[in-house]
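In what follows, every chain begins at residue 1, and chains take the letters A, B, ... in the order their sequences are listed. All of these numbers come straight from a predicted model, not from anything done at the bench. Hydrogens, waters and symmetry mates are skipped; everything else that's a heavy atom, side chains included, is used.
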Protein chains: 2
Amino acid sequence: MGIKDDAVEVRAQGWRTLAALHGLIESELERSLQAEAQLSVVEYTVLDALSRQDGWHMRMQQLARATALSASATTRLVNRLEDRGLLTRILCADDRRGIYTELTASGIKLLEEARPTHDATLERALAEAQDIPELAPLVDALPKLHAHA
Amino acid sequence: MGIKDDAVEVRAQGWRTLAALHGLIESELERSLQAEAQLSVVEYTVLDALSRQDGWHMRMQQLARATALSASATTRLVNRLEDRGLLTRILCADDRRGIYTELTASGIKLLEEARPTHDATLERALAEAQDIPELAPLVDALPKLHAHA
DNA sequence: TATTTATTGTTGCACAAGCAGATACCACGC
DNA sequence: GCGTGGTATCTGCTTGTGCAACAATAAATA
């Protein structure tokens, strides 16, 4: 075992920790968001991402990258949300291949109803992860990434 | 905006960063493992977890927790791997509800063939993430979690 | 201008996931 | 022993996902 092999193993372990924490949080979010707002985590992510945009427009492909989803999955995801009246498609004039999406009032409303659930579940999930020795260090590291004070 | 609201927002941002990095890495692993070893990330995770058990077997439910998968998904995942001859089910004597899984020689072999691909892809994905400003801090933090030297 | 090449988004298909219900088994109280 | 409640796994059904092929538009090039 040389230094090189150690680096490989450290990366692998970091990835396992990341995946484990991600899985834990996502599972809990999935359940609570589904129960409280009939939204999957990805659906919430889309609404949240749209609400966070300046000008409130995003193209399909941006959405696909933001959610780490395939193009086809994104199409259908937007279909579902559009069918529920939470967002609308807007053909964009300058590039007629492109399609913008925009939250409707109903979408904004649902997002704001869901946000407390999301935030509370996230807090609870992180607290649970704190109690798991392998995950605790990563939980501690997270808030330090963007702490600005 | 008080201190409390800040904490909520910091957690949310940490979660978005975590999810984004996870999605990026998983996508790349998915592609490369599928191409090189016909394994999905979850399948690789199972084989890896079993190999790491060092003589000990794993029960279905442990596997479900290790992969953040539902019980039914775990059943079918094990079915797939068993059908390919990569692992075997072992009824355990003391608790006849329980089922242990164990890697076959063929499973060990495939895992060892896949590991270099996995490790290389992971390194590449992390390097790419390094170039994305929002992700870089988390990438830097990861190896510090388990560094032991 | 005409023709190729690249990009953006949608659809057909096969497969993996979760939920709810079923089955087999353990543990405890009577 | 018998029944009750809880646990471990499997199956039927519905839904979401990725890949590959496609249509429409833009950009590049001759």
Rounded interatomic separation in angstrom, taking CG from Leu77(B) and P from dT11(D): 15 Å
Mutual orientation of the aromatic rings belonging to His57(A) and Tyr100(A) [parallel < 30°, tilted 30-60°, perpendicular > 60°]: perpendicular
Whole-Å distance separating the CG atom of Leu33(A) from the C1' atom of dG16(D): 17 Å
Nearest to side-chain heavy atoms of Ile99(B), which nucleotide of dT9(D), dC19(D), dT25(D): dT9(D)
Integer-rounded Å distance: dT11(D) P and Met60(B) CE: 10 Å
Nearest-0.5 Å distance, CD of residue Glu43(A) to CG of residue Leu110(A): 9.5 Å
Leading and trailing nucleotides of DNA chain C with any atom under 4.0 Å from heavy atoms of chain A: dT7(C) to dC13(C)
Polar contact flag, side-chain donor to acceptor under 3.5 angstrom, Thr104(B)-Ser106(B): no
Sugar-phosphate, base or nothing in reach of Arg59(A), heavy atoms under 4.0 Å: sugar-phosphate
Whole-Å distance separating the CG atom of Asn79(B) from the P atom of dA8(D): 19 Å
Side-chain-base donor-acceptor pair under 3.5 Å for Arg31(B) and dG18(D): no
Exam field: side chain Thr17(B) to backbone Leu135(B), donor-acceptor pair closer than 3.5 Å: no
Separation of dT15(D) C1' from Arg76(A) CZ (nearest whole Å): 12 Å
Contact summary for Leu126(B) and Val139(B), nearest pair of heavy atoms: O-CG1, 3.8 Å
Sugar-phosphate only, base, or nothing, as touched by Arg80(B) at under 4.0 Å among non-hydrogen atoms: sugar-phosphate
Distance-only donor-acceptor test, Ser72(A) side-chain atoms vs dC19(D) base atoms, 3.5 Å: yes
Euclidean distance, atom CZ of residue Arg97(B) to atom P of dA8(D) [Å, nearest integer]: 6 Å
Interatomic distance, Leu69(B) CG vs dT9(D) C1' [rounded to whole Å]: 14 Å
Whole-Å distance separating the CD atom of Glu30(B) from the C1' atom of dC19(D): 12 Å
Below 4.0 Å: OP1/OP2 of dA23(D) and any side-chain N or O of Arg96(A): no
Ala73(A) side-chain proximity, nearest of dC19(D), dC10(D), dT17(D): dT17(D)
Residue met sooner reading DNA chain C from 5', once Thr74(A) and Thr74(B) are mapped to nucleotides: Thr74(A)
SB check Arg115(A) Glu9(B) (cutoff 4.0 Å): no
NZ/NE/NH1/NH2 to OD/OE distance under 4.0 Å, Asp48(A) and Arg52(A): yes
